[in-house]
Every structure is written in structure tokens, then in C-alpha cells.
Amino acid sequence: MKTHIDTPQGVFTAYFSEHGLAGLDFPAAKPAKAKDTGEAKLPATVRAWEKTTAAALRAVLAGKDPKALPPLDLSAGTPFQQSVWRELLKIGPGRTKSYGEIANLIGRSRAVRAVGGACGANPIPVLVPCHRVLAANKKLGGFSGGLERKISLLAAEGVTV
DNA sequence: CTCCGCCTACCAA
DNA sequence: TTGGTAGGCGGAG
């Protein structure tokens, strides 16, 4: 199910499955809709997750470490992608790693390019910090959500490239 | 099997 | 330094 989360950077859209947060979308470039009243119908569990998600999201956007994350439902990804995403969760605010380092950490030192693919397939940007992964030369690589966003997120954490 | 990608290391200008 | 490139790997069709 889908809900909207208000942040200083705009309204994000969160998707929840029966297992937890399954996806997150950046605010639409153009303001699609203004309000959402469907939240009143959400099950208590989902509302709790949403609350945690909102707090965590705002924390990261502010460059801080989220105290707690909602349960994440990464089941949509392949085993390889999930291992990459779990590795990304270990990167703290203001810290970065290269695609090659991630590859090493998950035991696929040569699968560098594949790691990039996994990052691009990340369904939960921001909370699963795909933006803290830079190219080998410590330069910006790419970012499916738009390089602008990657730059902003890093800037909020005090990282410049 | 083929094609593509948020990569890299390497080699030629 | 900049630019082109081939290798390597997982995912999608």
C-alpha cells in the first residue's frame, strides 16, 4: 500500500508490503497531488512503520543518523542485490564507499559493474544509502534518481566531490 | 543467448 | 590530463 510522507524536501511516496517498507519514491518533479486522506484506513502496523519511516527519512535528509529504521522488505530483489543493499546500510552518514569496495565486501571483488546495477535497482533510496557510493576515483558516478539528488543528499551530510 | 549498466583499469593522444 | 576501450558480472528479455 502507498502513503505519502512530508519532508522539508518535498513529499515522498512510501510503499509498504505486509513485511515492511518495500519502496520509496522521491517527490515528483511536478506536484502531482496535494493531500491524501487514505492514511486513516491504514492498519496500525503500517501506520507505525510509516511513522518510523518518516522519522528516519527526515533524519537522513538532514544528514543525521536515523535512530531506527522500519522493517525493510527487500524480497523484491535478487539475492545478489539484497546483499549489496544490506552492505549499503552499514555506511554511515557522511561516509562513502566505492563500487569496488562494496564488491569486495560482499565477496564479489570483480562484480563491480554488477554492484552499480544493484544500486540502480535499489527500491528504497535515501534509507538504503545508494547515494553514498561513489566511483573509484572518489568522483560522482551515476544515480538513477538524478545526479542532482545524489549531490544534495551528500551535501547534507557534508560530503563534496 | 544477447544486450545493457550508478564500473574500472589500462593504453593511446 | 582527457578519451576511448575491453574485461567482467548480474539482471532482464
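Within every chain, numbering begins at 1; the chains are lettered A, B, ... in the order of the sequence lines, protein sequences first and strands thereafter.
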Chemist: Do we get R149(A) above F26(A)'s six-membered ring, with its NZ or CZ under 6.0 Å from the centre and within 45° of the axis?
Modeler: yes
Chemist: dA9(B) P sits how many Å from E101(A) CD, rounded?
Modeler: 11 Å
Chemist: Look at the side chain of T78(A) and decide which nucleotide, out of dC9(C), dT8(B), dA12(C), has an atom nearest to it.
Modeler: dA12(C)
Chemist: Tell which nucleotide pairs with dC10(B), taking only Watson-Crick or G-U wobble pairs whose two distances are both under 3.5 angstrom.
Modeler: dG4(C)
Chemist: Taking atom P of dG11(C) as reference, at what distance in whole Å does atom CG of L74(A) sit?
Modeler: 14 Å
Chemist: With side chains defined as the heavy atoms from C-beta onward, is the minimum distance between P71(A) and L21(A) less than 4.5 Å?
Modeler: no
Chemist: Using whole Å, what does the distance between atom C1' of nucleotide dC6(B) and atom CZ of R149(A) come to?
Modeler: 15 Å
Chemist: Could you give the CG-to-P distance, from L154(A) to dC6(B), as a whole number of Å?
Modeler: 17 Å
Chemist: Between E157(A) and R95(A) (salt bridge meaning N to carboxylate O under 4.0 Å), is one present in this structure?
Modeler: no
Chemist: Between CH2 of W49(A) and NE2 of H19(A), what distance do you get to the nearest 0.5 Å?
Modeler: 8.0 Å
Chemist: Let me know the distance between CG of L153(A) and P of dC6(B), rounded to the nearest Å.
Modeler: 17 Å
Chemist: Between P on dC7(B) and CZ on F80(A), what's the gap in Å once rounded to a whole number?
Modeler: 13 Å
Chemist: Students often get this wrong, so: under 4.0 angstrom with heavy atoms, is F143(A) touching a base, only sugar-phosphate, or nothing?
Modeler: base
Chemist: The side chain of V112(A) is closest to which nucleotide in this list: dT8(B), dC6(B), dG10(C)?
Modeler: dT8(B)
Chemist: Could you check which of dC6(B), dG5(B), dT8(B) has an atom nearest any side-chain atom of A135(A)?
Modeler: dT8(B)
Chemist: Checking contacts here: which listed nucleotide (dG8(C), dC9(C), dC6(B)) is nearest the side-chain heavy atoms of R113(A)?
Modeler: dG8(C)
Chemist: What's the closest nucleotide to the R110(A) side chain, out of dG8(C), dC6(B), dC7(B)?
Modeler: dG8(C)
Chemist: Enter the distance from I124(A):CD1 to D73(A):CG here, rounded to the nearest 0.5 Å.
Modeler: 7.5 Å
Chemist: Taking only the side-chain heavy atoms of A114(A) (C-beta and beyond), determine which of dA9(B), dC6(B), dG10(C) contains the nearest atom.
Modeler: dG10(C)
Chemist: Applying a 4.0 Å non-hydrogen cut-off, can you work out what G120(A) is touching in the nucleic acid: base, sugar-phosphate, or nothing?
Modeler: base
